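Report on the structure given below.
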Amino acid sequence: MTERYNPKVAEAKWQKIWDEKQSFKAVEDEAKPKFYALIEFPYPSGEGLHVGHPRSYTALDIVSRKRRMEGFNVLYPIGWDAFGLPTENFAIKTGQHPKVVTQKNIANFRRQLKSLGFSFDWSREVDTTDPDYYKWTQWIFLKLWEKGLAYKASMPVNWCPSCKVGLANEEVVNGECERCGGVVVQRQRSQWMLKITAYAERLLSDLDTVDYLEKIKTQQRNWIGKSIGAEVDFSIPALKNKAMRIFTTRPDTLFGVTYMVLAPEHPFVQELLPKCQNPDAVKAYIEATTRKSDFDRTEGAKEVSGVALEGIMATNPITKKSVPVWIADYVLATYGTGAIMAVPGHDERDWRFAKKFKLPIIEVISGGDVTKEAFISTSDDAVAVNSGPLNGLRPSEAIAKMIQIIENEGCGKASVKYKLRDWVFSRQRYWGEPIPMVDCPKCGWVPLPESELPLRLPEVESYQTSDTGESPLSLMTDWVNVKCPHCNGSAKRETDTMPQWAGSSWYFLRYCDPHNDKELASRKSLEFWTPIDWYNGGMEHTVLHLLYSRFWHKFLFDIGVAPSPEPYSRRTSHGLILGENNEKMSKSRGNVVNPDEVVETYGADTLRLYEMFMGPFDQAIPWSTTGLTGMWRFISRLWTLSDKVDVSDDASASRRVHKTVQEVSERIEAMKFNTAIASLMSLTNDFGEMEKIPKSDWDIFLKLLSPFAPHIAEEMWEKLGNKKLVAETPWPKADPAMLIEDTVTVAVQVNGKLRATIIVARDKPAKEVETVALAEEGVARALGGKAPKKIIVVPNRIVNVVV
RNA sequence: GCGGGCAUGACGGAACUGGUAGACGUACAGGACUUAAAAUCCUGAGCCGCAAGGCGUGCCGGUUCGAUUCCGGCUGCCCGCACCA
């Protein structure tokens, strides 16, 4: 009897061997097919690794290890998304430089990840805060500028007073700061913007070319928010017939327009103010609107509000009817044209508004009762009525016809709008990539020449944003004052930095060639490795990070850097690991599990197996300490079993093992890691009942186990006298012939109820199976002497006797 | 409000294209070993019943020889989106 398994010793031993042999170093070997597996690189926080990280990392580690054994050239890299607020805040609090804090955190993460035995290629580590890395982040920005996709615009920006930082729309959740939960206010500020909207259509349509979970595609589509419709001009006599342009998805309802609405911020409103009869009321309403936050404007939207611009009318270009013009905050300045034609019969908001202000409602689509509620339908029987030339047409026909009419009349055109907004790319923070632009009074914004990259972050006294909201860099006069690269006159640097999303929008390209100082990565390496074959990460990054990185990747494709239009061929997501009390893990709830402690007590293999076994991979699941000890029991039992291996019995693998090979292989591909492990456990339960375990079976078992629990698998593999690593052996294949049993168990039912099971030869003729079935005692008893009316025999499965 | 998903023992969960519901693990009970406990090993177990049998996959109904699986309706939970014209 060997000693009890000691994971601490064994795991350290194998991690050292893998390191020394560089077992998982990715090489560009043209002879082998490539496989690029990617996990979201972590933010190295001061708290250290969360048990959620290894859930994703273990899953793709299993896949990567299996692929290597299958003869693939595997790239499974790791790095650090290290710019960001928490580190900066920690630095402010403790007076340490964020760089120092970051390096400390990275060292801790690296130690933790290494202790879990992931087969990362550590020689390709990237760090977004390394000037050799952010040089290329800045380079991409310069390219975006060069192509007109980066611009500076003064615009209302979401401002978090407590973080003292401008936030992207995406970082504002229900009017609150995503990071601190404080109320976000609007501030006017000049910001760098990226024209992601120029890519809206491609970001949407190319989703059809990739394999993402359907819910992820849906999220992307929702965020892009495409609407197909038309723009129509309504002339305003008071403005010398200047056109008020509206956007509508239902041009077929043009005959149902009874009033018009402008967003309070719409530029026409200021022009119309002196011309209307109630300027004071209008001004008061605009005032009230600006005081409302976006949140109040949407969330508190149960009650509609608005005010008429009295005396101002607009002319319907088709019906030539005059309708009143209103302003109301339910019309958003930022969507469409900031103005709408109101069709209260067939739009819920317009209906509520019309009811409240006693405006007329006209039915133009049949099938509902517009006196009771707005009727919205695109079904074929909802034909147009009261609509002149459209009468009797189905919605799709009516829309097409109306677009034709307005285009002929020259008063509008077919049009497509998106909810997607341009990306606010400036942050008034220290710990981010400096934006390599110079503001020259003579030349305007001038990019730094590429030769001056990286533009390094200067050392500053304080990392605190100024109370006026300026970046800490703005106080560094030495750094800020430069010569204009264009005219050599005095100029100032941009002092805002990039958002954290920047570095993570292209890191997967850098992994292909991480030490290149001439290009962000060589074309050759990118052609070899990209696109990424399998990307796994959390659901929290399936909207923004995915969208931003797809945008950058498409841009890099367009300028000839990236070889493919899409970065990720396949994207999956794992579920959250909840605390033992079924709540989200958090320090404040006191339910955080520290992976270090688990590794200390039970070892990495136990943690890996447990996290894969705890439940379906894509589902949120609570942590269970007893479940973890169960997995430790499994590991210990394996060690005991290894003493029963009969080394002399090395013929060929049993049917039982072939079946397991089949199951485990399939289940890994389907991400059913929980049942793959169940399958391994079943096999070991069978081994447990055997006097001796044939080496032929045990060998294959260890190979199947090795991606899941690599340390103990290597330890037991070595114990058998093998010189090579189990990780270097080929993945076993199931022999289809060995998967077919000679005999089958057939269930016998009487009227659908199970009465007996019989064991018969595979593919025994139905008649004979029937005879055997009817001879069963339980069957005879259930029949009670009655003659069967009908007997259904499903070959090798079931016999159902109907009485 | 709109869109999507889910609902199975005490618990996490399993079940291929409709074919023996509850694999695997946890917790539990009994036994062995031990002075004892832990650990380990063996055995049991969906529920009711001594048994025969009956009842069971959120609820009601349908299709079928047969439904956790398909269809209709309801309830509950989760996740997106949310004045987007």
Side-chain angles (χ1 to χ4, degrees), chain A residues 4 174 214-216 218-223 225-227 229 246-250 253 261 263 294 297-302 304 328-332 334-343 346-350 352-353 376 417-421 539 542-543 575 582 609-610 613-616 618-631 633-634 636-637 640 663 666 670 672 674-685 688-689 745-758 778 781-782 788-803:
Chain A
R4 190 182 147 119
N174 290 335
E214 205 44 50
K215 62 176 170 183
I216 298 176
T218 305
Q219 286 185 355
Q220 296 263 302
R221 289 191 189 108
N222 284 344
W223 198 262
K226 181 180 184 177
S227 299
I246 59 91
F247 174 72
T248 177
T249 54
R250 294 300 299 266
T253 61
V261 187
D294 254 10
R297 253 177 99 167
T298 56
E299 234 14 61
K302 309 301 158 232
V304 283
D329 66 5
Y330 81 88
V331 174
L332 307 174
T334 50
Y335 184 75
T337 59
I340 63 153
M341 62 176 209
V343 185
H346 307 285
D347 180 278
E348 230 175 278
R349 295 149 300 165
D350 296 348
R352 268 188 286 151
F353 195 83
I376 299 141
K417 297 284 176 200
Y418 300 91
K419 281 197 263 186
L420 187 67
R421 299 272 83 93
M539 278 310 286
T542 49
V543 180
N582 223 336
L609 278 167
Y610 172 64
F613 183 69
M614 60 198 302
D618 57 356
Q619 206 171 290
I621 211 101
W623 184 264
S624 158
T625 302
T626 54
L628 187 70
T629 59
M631 202 49 81
R633 247 175 255 170
F634 173 64
S636 319
R637 202 174 322 131
T640 321
E663 286 175 356
E666 278 174 5
K672 294 184 171 184
N674 53 337
T675 53
I677 293 167
S679 183
L680 291 171
M681 286 174 162
S682 281
L683 180 62
T684 54
N685 288 346
E689 286 167 19
T745 307
V746 172
V748 185
Q749 300 178 331
V750 176
N751 287 338
K753 282 194 177 123
L754 183 72
R755 297 299 170 183
T757 57
I758 53 176
R781 202 186 312 127
K789 211 181 345 179
K790 191 174 169 190
I791 301 177
I792 290 130
V793 180
V794 181
N796 302 327
R797 275 256 157 94
I798 205 161
V799 177
N800 193 7
V801 183
V802 188
V803 188

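None of these values were measured; they are calculated from a predicted model.
Rounded to a whole angstrom, the distance from the C1' atom of U57(B) to that of A14(B) is 12 Å. Nucleotides G54(B) and A36(B) place their C1' atoms 45 Å apart, quoted to the nearest Å. Separating the P atom of G18(B) from that of G1(B) is a span of 35 Å, rounded to the nearest Å. Using P as the reference atom, G58(B) and U69(B) are 8 Å apart when rounded to the nearest Å. A23(B) and G12(B) have their C1' atoms separated by 13 Å, with the value rounded to a whole Å. A gap of 10 Å separates the P atoms of G13(B) and A7(B), to the nearest Å. Comparing C33(B) with U43(B), their C1' atoms sit 15 Å apart, to the nearest whole Å. On the P atoms, C48(B) is 35 Å away from U64(B), given to the nearest whole Å.
Across all strands shown, T757(A) has heavy atoms under 4.0 Å from base atoms, whether or not it also approaches the sugar-phosphate. At a threshold of 4.0 angstrom between heavy atoms, the contacts of T745(A) include nucleobase atoms, whether or not backbone atoms are also involved. The residue E214(A) sits apart from the nucleic acid: no heavy atom pair falls under 4.0 Å. Using a 4.0 Å heavy-atom cutoff across all strands shown, I792(A) reaches at least one base atom of the nucleic acid. Nucleic acid contact for S624(A): none, since no nucleic acid atom lies under 4.0 Å from a heavy atom of the residue. Among the atoms of the strands shown, none is found under 4.0 Å from any heavy atom of P622(A). At the heavy-atom level, D350(A) lies nowhere under 4.0 Å from the strands shown. R221(A) comes within contact range of no nucleotide atom at all, as no heavy-atom separation falls under 4.0 Å. Among the heavy atoms of the strands, none lies under 4.0 Å from G225(A). Among the atoms of the strands shown, only primed sugar atoms or phosphate atoms (P, OP1, OP2) are found under 4.0 Å from some heavy atom of N674(A). Within the nucleic acid shown, K753(A) comes within 4.0 Å of sugar-phosphate atoms alone, with no base atom in reach, counting heavy atoms only. Using a 4.0 Å heavy-atom criterion, one finds that K419(A) contacts the bases of the nucleic acid, with or without backbone contacts as well. Q219(A) comes within contact range of the sugar-phosphate backbone alone, with a heavy-atom separation under 4.0 Å but no base atom that close. Using a 4.0 Å heavy-atom cutoff across all strands shown, V802(A) reaches sugar-phosphate atoms only and no base atom.
Across all strands shown, A7(B) forms a Watson-Crick or G-U wobble pair with U75(B), both key distances being under 3.5 Å. Across all strands shown, C2(B) pairs with G80(B); the Watson-Crick or G-U wobble distances both stay below 3.5 Å. Searching all strands for a Watson-Crick or G-U wobble partner of C70(B) with both distances below 3.5 Å returns G62(B). A 3.5 Å limit on both hydrogen-bonding distances identifies no Watson-Crick or G-U partner for G49(B). In this entry A29(B) has U43(B) as its Watson-Crick or G-U wobble partner, both defining distances falling under 3.5 Å. In this entry G56(B) has no Watson-Crick or G-U wobble partner, no candidate having both defining distances under 3.5 Å.
Where K790(A) and A678(A) meet RNA chain B, the nucleotide closest to each residue was compared, and A678(A) sits on the side nearer the 5' end. Both R781(A) and T675(A) lie close to RNA chain B; mapped to their nearest nucleotides by heavy-atom distance, the more 5′-ward contact belongs to T675(A).
Taking 4.5 Å as the limit, every side-chain heavy atom of Y610(A) sits out of range of all side-chain heavy atoms of F634(A). The shortest distance between side-chain heavy atoms of M341(A) and T253(A) falls below 4.5 Å. Contact check for I340(A) versus D347(A): no side-chain heavy atoms found under the 4.5 Å cut-off. Counting only heavy atoms from C-beta outward, the side chains of V801(A) and N751(A) never approach each other to under 4.5 Å. F613(A) places a side-chain heavy atom less than 4.5 Å from the side chain of M681(A). The shortest side-chain heavy-atom distance between E663(A) and L680(A) does not fall under the 4.5 Å cut-off.
The side chain of Y335(A) lies closest to C84(B), out of A39(B), C84(B), A23(B). Closest contact between the side chain of V331(A) and the listed nucleotides C81(B), A85(B), G13(B) involves A85(B). In this structure, of G54(B), A85(B), U26(B), it is U26(B) that holds the atom nearest to the side chain of R633(A). Comparing G12(B), C24(B), G80(B) against the side chain of I621(A) picks out G12(B) as the nearest. Out of C84(B), G25(B), A39(B), the shortest distance to the side chain of R4(A) is found at A39(B). Side-chain proximity of F613(A) to A21(B), G25(B), G19(B): nearest is G25(B). Comparing atom distances between the S227(A) side chain and each of A39(B), C41(B), C84(B) picks out C84(B) as nearest.
Scanning atom types as modelled, one donor and one acceptor separated by under 3.5 angstrom connect the side chain of N800(A) and the base of C65(B). In terms of polar N and O atoms assigned as donor or acceptor, the side chain of R421(A) never comes within less than 3.5 Å of the base of C84(B) in a complementary pairing.
Glycosidic conformation of G9(B): syn, with the torsion inside 90° of 0.
Here R221(A) pairs with E214(A) in a salt bridge; the nearest charged N to carboxylate O distance falls below 4.0 Å.
At the phosphate of U40(B), neither OP1 nor OP2 sits under 4.0 Å from any side-chain N or O atom of S636(A). Residue Q619(A) places at least one side-chain N or O closer than 4.0 Å to OP1 or OP2 of G13(B). Close to C16(B), at under 4.0 Å from its OP1 or OP2, lies no side-chain N or O of R797(A). The side chain of K672(A) places no N or O atom within less than 4.0 Å of a non-bridging phosphate oxygen (OP1 or OP2) of C16(B). Taking 4.0 angstrom as the limit, R349(A) places a side-chain polar atom (N or O) nearer than this to OP1 or OP2 of C84(B).
Distance L754(A) CG to U68(B) P: 14 Å, rounded to the nearest Å. Atom CG in N685(A) sits about 7 Å away from atom P in C24(B), given to the nearest Å. If you measure from atom CG of N751(A) to atom P of G66(B), you get 8 Å, rounded to the nearest angstrom.
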Derivation and outcome, side chain to side chain contact (heavy atoms under 4.5 Å, CB included), residues R421(A) and T334(A): CA-CA 9 Å; R421(A) 299 272 83 93; T334(A) 50; 4.1 Å; yes
Criterion side chain to side chain contact (heavy atoms under 4.5 Å, CB included) on M539(A) and I216(A), from CA distance to verdict: CA-CA 8 Å; M539(A) 278 310 286; I216(A) 298 176; 4.2 Å; yes
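For the pair E666(A) (side chain) and A676(A) (backbone), a donor-acceptor distance under 3.5 Å is absent.
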